Amino acid sequence: MTEQLIIGGTTSAASDGATFDVYDPSSGGVLATVAKATKVDVDRAVTAAHNALEANAWGGAPPAERGRIMIRIAQALRERAEELATLESRDNGKPLKQARADVQVAARYFEFFGGVADKIMGNTIPLGPGFLDYTVREPIGVSAQIIPWNYPIQIGARGVAPAMAAGCAVVLKPAEDAPMTALRLGQIALECGLPPGVVNVLPGMGPEAGAALASHPGINQLTFTGSVEVGIAVAKMAADNVVPVVMELGGKSPNIVFADADLDATAQGVANAIFQNAGQTCSAGSRLLVERKAHDVLVTKLTDRAKTMRVGPGVSDPDMGPIISKRQLETVENYVKIGEKEGAKIAAGGSRPSDASLGKGYFYQPTLLDRVSPDMRVAQEEIFGPVLAIIAFDDLEEAIAIANRSQYGLVAGIWTRDINKAMMIASRVKTGQVYINTYGAGGGVELPFGGYKKSGYGREKGLDSLASYTQIKNVCVRFA
Ligand code: NAI
Ligand code: MG
């Protein structure tokens with residue numbers, strides 16, 4: 001059976017009937033066949049989204065009613081959590097427990113923003129006697145959303161939920177490498193009473209469906225998560241139509257560890273931050289900056305962890321699953337070779353696992369690259385795999401300088417018992433989020449998330465995300 005596009009509340013084949021295969025990265029086998037959206041389909045979906053807004057059944061519905069439907073979607077996601085988590089695990093390869101957590105976070109987005117739908121307020125602005133001035137936050141219109149394959153249901157919900165709360169309609173293009181749960185999300189939303197056309201889901205290829213969506217003159221806003229290169233390209237397409245964009249483009253986030261930290265808790269936090277989802281996380285803690293005095297102790301703890309992690313098919317719920325694709329696996333392998341040539345030392349991993357039963361999947365071992373210096377490519381470029389670059393530093397100023405010596409600025413983690421040191425770094429590090437003695441906050445639905453520098457701009461998650469999905473109308477009244 002072919003998974004169909006979701007346009008205007010119904011499922012349909014692609015305009016030319018084309019499909020593509022989706023692979024299970026744990027086995028390399030075909031998981032599903034999916035309709036491949038064309039330019040014509042993008043046009044149909046954008047029109048359906050506009051029609052939904054014109055019909056006023058969503059943006060014009062009582063905000064509390066919008067919120068109720070969104071909370072129903074949250075409940076449905078929770079009721080179907082096991083089915084969705086299994087599908088996500090097969091499609092993306094991630095361990096089942098991580099997929100389960102992703103589904104709960106997706107549900108939480110609909111719950112959080114469902115509660116926000118009737119609390120999107122404006123201001124009154126004092127102009128003096130004889131004037132009443134007020135602002136209204138109106139929906140921006142049709143939001144185009146292009147998402148990656150690393151957290152499909154989570155990132156799908158992260159963009160769709162605030163747009164829905166604001167009264168917008170959405171055209172969502174999932175990644176060709178993992179489109180399945182985004183399609184389920186669209187189906188569930190319809191089953192929960194969402195008016196047709198409010199959420200449309202168009203699986204397809206980036207250069208075809210993605211580019212047609214980003215350059216469509218009918219969209220009013222674009223949210224993109226993915227690579228810097230494609231982000232720049234889609235931002236230019238949107239610019240031709242004066243369409244504002246939110247860009248979430250990944251990073252090379254540092255975990256900065258001082259010798260006075262609780263090194264057991266730190267080792268666990270640092271390992272999670274890089275090995276979760278096999279390192280294929282925009283906010284992965286992919287650089288470890290460790291105070292030289294603590295280097296050997298911490299690296300030993302990390303090595304012990306990395307060597308005992310079980311790598312295997314996502315649905316067997318291992319500690320780490322495969323990489324998404326052969327291409328991405330080769331990228332990771334190549335980076336490790338580059339690191340070695342640059343003089344880094346492999347402290348753990350550094351190759352595919354020897355277990356023959358994993359031979360057909362795209363597996364790689366949890367890898368520690370030690371003795372990395374801040375300007376090596378493996379310290380500067382996003383690898384997007386389970387590879388941690390370990391850099392030693394001697395003092396706080398040096399740590400801050402290394403942390404900021406990056407084209408990226410998404411997240412920083414700080415591990416110390418000294419609150420003064422932690423606060424000093426938090427104020428000087430150039431990243432959109434800072435965590436002290438923790439990392440990531442379990443999805444962080446409530447916390448504004450986004451980048452400094454080439455990590456992007458605009459904020460998702462939390463109440464700040466609503467700025468992207470609303471536009472402010474000021475009304476000035478003169479009365480006698
Ligand atoms: P990508 O940036 O090519 O894909 C992200 C999304 O953009 C997908 O939905 C894709 O279909 C779409 N896309 C691709 N080309 C497009 C185009 N010309 N016009 C419009 N949409 C287009 O990312 P890819 O190739 O999957 O991964 C490459 C690298 O990007 C990774 O190694 C990683 O470094 C980075 N990346 C970062 C992510 C993040 O969370 N910030 C997520 C995925 C990848
Ligand atoms: Mg690409």
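Please read these numbers as outputs of a predicted model, since none were measured by experiment. First listed ligand is number 1; within each ligand, the first listed atom is number 1.
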Do any N or O atoms from the side chain of Thr47 and from the backbone of Asp43 form a donor-acceptor pair under 3.5 angstrom? yes
With heavy atoms of Pro148 as the reference, note each atom of ligand 1 found under 4.0 Å away. 42 (C), 43 (C)
Distance-only polar pair, side chains of Thr38 and Ser15, donor-acceptor under 3.5 Å: yes
Taking Glu382 for its side chain and Lys252 for its backbone only, find out whether a donor-acceptor pair lies under 3.5 Å. no
When you measure from atom 38 (C) of ligand 1 to each heavy atom in Phe384, Phe224, Tyr335, which option holds the nearest one? Phe384
Under 4.0 Å from a heavy atom of Gly210: give me the atoms of ligand 1 that qualify, with their elements. 19 (N), 20 (C), 21 (N)
Could an N or O of ligand 1 be found under 3.5 Å from any N or O of Lys173, whether backbone or side chain? yes
Close approach of Gln280 to ligand 1, heavy atoms, under 4.0 angstrom: no
Is there a donor-acceptor pair closer than 3.5 Å between any side-chain N or O of Thr431 and the backbone N or O of Gln433? yes
At a 4.0 Å cut-off, with the gap strictly under it, does some heavy atom of Glu229 reach an atom of ligand 1? no
Can you list the ligand 1 atoms lying under 4.0 Å from a non-hydrogen atom of Ile147? 6 (C), 8 (C), 9 (O)
Do other residues, nucleotides or ligands put more than 12 heavy atoms under 6.0 Å from the NZ atom of Lys461? yes
Leu222 side, atom CG; Gln145 side, atom CD - distance, nearest 0.5 Å: 8.5 Å
Of Ala144, Pro152, Gly206, which has the heavy atom at the shortest distance from atom 19 (N) of ligand 1? Gly206
When Arg100 is tested against each of Glu82, Glu83, Glu88 for salt bridge (charged side-chain N to carboxylate O under 4.0 Å, His left out), which residue passes? Glu82
Lys341 atom NZ, over 12 foreign heavy atoms within 6.0 Å: no
Mind checking whether Ile400 and Val429 have side chains closer than 4.5 Å, heavy atoms only? no
Please list, in number order, the atoms of ligand 1 under 4.0 Å from a heavy atom of Cys282. 39 (C), 40 (O), 41 (N)
Pick one of side chain, backbone, both or neither for how Leu249 approaches ligand 1, counting any non-hydrogen atom pair under 4.0 Å. backbone
If you count the atoms of ligand 1 from 1 in the order shown, which ones are under 4.0 Å from a heavy atom of Trp149? 24 (P), 26 (O)
Those atoms of ligand 1 less than 4.0 Å from some heavy atom in Gly250: 41 (N)
Less than 3.5 Å apart, any donor N or O on the side chain of Tyr439 or Ser283 sitting next to an acceptor on the other? no
Just which atoms of ligand 1 are under 4.0 Å from any heavy atom in Ala211? 19 (N), 20 (C)
Out of all atoms in ligand 1, which are within 4.0 Å of some heavy atom of Ala175? Include the element for each. 8 (C), 9 (O)
Hey, is Ala214 one of the residues with a heavy atom under 4.0 angstrom from ligand 1? no
Below 3.5 angstrom, do we get any N/O pair linking Glu176 and ligand 1? yes
Ring centroids only, cut at 6.0 angstrom: are Tyr23 and Trp149 within range, meaning strictly under it? no
Quick one: look at Lys252 and ligand 1, take heavy-atom pairs under 4.0 Å, and tell me if it's side chain, backbone, both or neither. neither
